[in-house]
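Only one structure is covered here, and it is reproduced in the block below.
Numbers here are sequence positions counted from 1.
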Amino acid sequence: MTDIVFSFDTEDFTSSESADAIYTEAEILRKAGIRGCFCMVGLLCEQLVKWNRTDVIEALSHHEIDLHSYGHSLHPTINEYTDTEDFNRAYERVFANETKAAKLIRDVFKTDKIYAAVPPGNNKSYAAMYAYHKMGIPIYADTFCAAKDGQGTYYCNEFHMDYNFEMESMFFKCGEEDIVKTLDKLAEKKRVVAFTHPHISLYSKHWDEVNYFKKNIYPFGQWQECPKRTKEETENFYKNMQLFAKLVKEDGRFRIVTYKDIYNQLL
């Protein structure tokens with residue numbers, strides 16, 4: 001049987017409208033009877049409170065909340081400020097920043113433990129891996145340490161898992177037959193992390209590509225909106241996410257799990 005995690009890189013702290021997508025996707029899973037893993041950026045937690053998005057916070061209460069770094073693409077990024085020969089300096093700085101993010105998650109979502117840390121983009125720092133271990137976070141997802149059939153592997157005191165199915169790669173333009181073929185391929189793996197970025201269901205570019213490409217392009221809070229998708233594209237994405245969730249749940253080859261469940265398997 002294949003374990004499958006529904007994992008969401010929940011990161012866009014520049015747009016309250018992106019929060020609508022978080023709400024919609026959280027509710028799609030809840031209505032399907034699925035508990036997903038929403039990996040939160042610390043600054044987004046702050047913004048949800050500032051935007052008074054209690055609806056989003058409540059919708060996420062059904063799901064597991066994990067960590068997607070403090071500031072994601074806000075410069076200096078994790079890789080930028082840990083790019084030093086002084087390991088202790090890098091480790092201490094990432095530990096301080098990521099501990100701050102974890103506190104925001106705990107304060108906003110009233111969660112007692114975080115089971116997974118997901119690095120933003122290519123920000124995969126070994127100093128951060130050791131910091132997450134010290135923070136008591138046992139799983140590191142979206143890793144460069146790919147293991148056969150998605151089974152996962154241990155590295156730098158963390159259990160590393162592949163991101164191995166990107167929902168947005170097909171949900172804008174696909175049908176049931178395409179999803180069925182994809183499930184056949186995924187069923188060959190031991191573990192699958194099916195992932196997406198909620199904001200990308202609404203926008204054709206990532207928020208950080210517009211606002212944080214190589215530098216902090218605009219002052220904090222004075223962000224530019226990304227180009228929007230058509231209503232048809234967004235509706236197709238949500239329709240196919242619903243269908244994917246339904247088919248996975250009905251397919252006896254899959255067991256839907258969270259990062260916490262994976263951790264409990266490893267004990």
Side-chain angles (χ1 to χ4, degrees), residues 3-13 19 22 25-26 29-30 34-49 53 56-74 77-78 82 91-121 123-143 145 152-163 191 193-198 256-267:
D3 285 336
I4 184 168
V5 178
F6 285 76
S7 191
F8 296 75
D9 286 7
T10 317
E11 62 192 48
D12 183 4
F13 57 79
I22 301 169
E25 294 179 17
L29 291 196
R30 183 188 66 81
I34 293 172
R35 191 166 186 244
C37 297
F38 285 78
C39 308
M40 303 293 300
V41 164
L43 286 176
L44 175 57
C45 295
E46 284 190 333
Q47 291 300 107
L48 289 176
V49 173
R53 294 306 301 264
V56 177
I57 295 170
E58 175 61 27
L60 290 173
S61 67
H62 174 78
H63 302 283
E64 180 177 297
I65 306 299
D66 296 292
L67 175 62
H68 193 39
S69 82
Y70 172 72
H72 200 278
S73 302
L74 179 72
T77 64
I78 290 176
T82 61
Y91 171 83
E92 289 169 3
R93 184 166 180 185
V94 72
F95 180 79
N97 280 352
E98 297 305 281
T99 298
K100 183 164 57 174
K103 184 178 186 305
L104 285 166
I105 288 172
R106 292 188 178 100
D107 288 349
V108 172
F109 295 101
K110 313 304 179 187
T111 183
D112 57 346
K113 183 173 176 62
I114 297 170
Y115 288 91
V118 178
N123 279 267
K124 297 173 175 63
S125 164
Y126 77 105
M129 296 173 196
Y130 285 109
Y132 293 137
H133 174 72
K134 184 179 178 182
M135 291 167 63
I137 301 174
I139 292 176
Y140 188 92
D142 189 18
T143 181
C145 301
T153 189
Y154 284 97
Y155 182 71
C156 291
N157 291 337
E158 295 283 285
F159 185 73
H160 288 241
M161 295 181 64
D162 302 4
Y163 262 20
R191 293 190 176 103
V193 179
F195 72 98
T196 190
H197 305 76
I256 300 169
V257 297
T258 66
Y259 291 119
K260 178 181 179 180
D261 296 325
I262 298 293
Y263 168 68
N264 286 334
Q265 290 176 11
L266 300 172
L267 293 178

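Between I139 and M161 there is a side-chain heavy-atom pair separated by less than 4.5 Å. Side chains of V41 and F13 form a contact here, defined as non-hydrogen atoms less than 4.5 Å apart. Inter-residue side-chain proximity for V94 and S125 is flagged as unmet; no heavy-atom pair is nearer than 4.5 Å.
Atom CZ in R53 sits 8.0 Å away from atom CD1 in I22 (nearest 0.5 Å). Note that CD1 of I256 and CG of D261 are 11.0 Å apart. Values are rounded to the nearest 0.5 Å. Considering CG of L60 and OG1 of T111, their distance stands at 11.5 Å, rounded to 0.5 Å. Between the CG atom of L44 and the CG atom of L104 there is a distance of 10.5 Å, given to the nearest 0.5 Å. From C39, atom SG reaches atom CG of D142 across 9.5 Å, with rounding to the nearest 0.5 Å. Rounded to the nearest 0.5 angstrom, E11 CD and S73 OG are separated by 7.0 Å.
Atom CD of E58 has 12 or fewer heavy atoms from other residues, nucleotides or ligands within 6.0 Å. The environment of NZ in K103 is sparse: at most 12 heavy-atom neighbours from other residues, nucleotides or ligands sit within 6.0 Å. The neighbour count for K260 NZ, taken as heavy atoms of other residues, nucleotides or ligands under 6.0 Å away, does not exceed 12.
If you look at Y163 and F195, their ring centroids are closer than 6.0 Å.
Contact record, T143 with H160: OG1-ND1, 2.7 Å, taken as the closest heavy-atom pair.
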Legend entry - Stepwise side chain to side chain contact (heavy atoms under 4.5 Å, CB included) check, C156 with Y132: CA-CA 10 Å; C156 291; Y132 293 137; over 6 Å; no
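Between F8 and F38, the ring planes lie parallel to each other; the angle is under 30°, not in the 30° to 60° tilted range.
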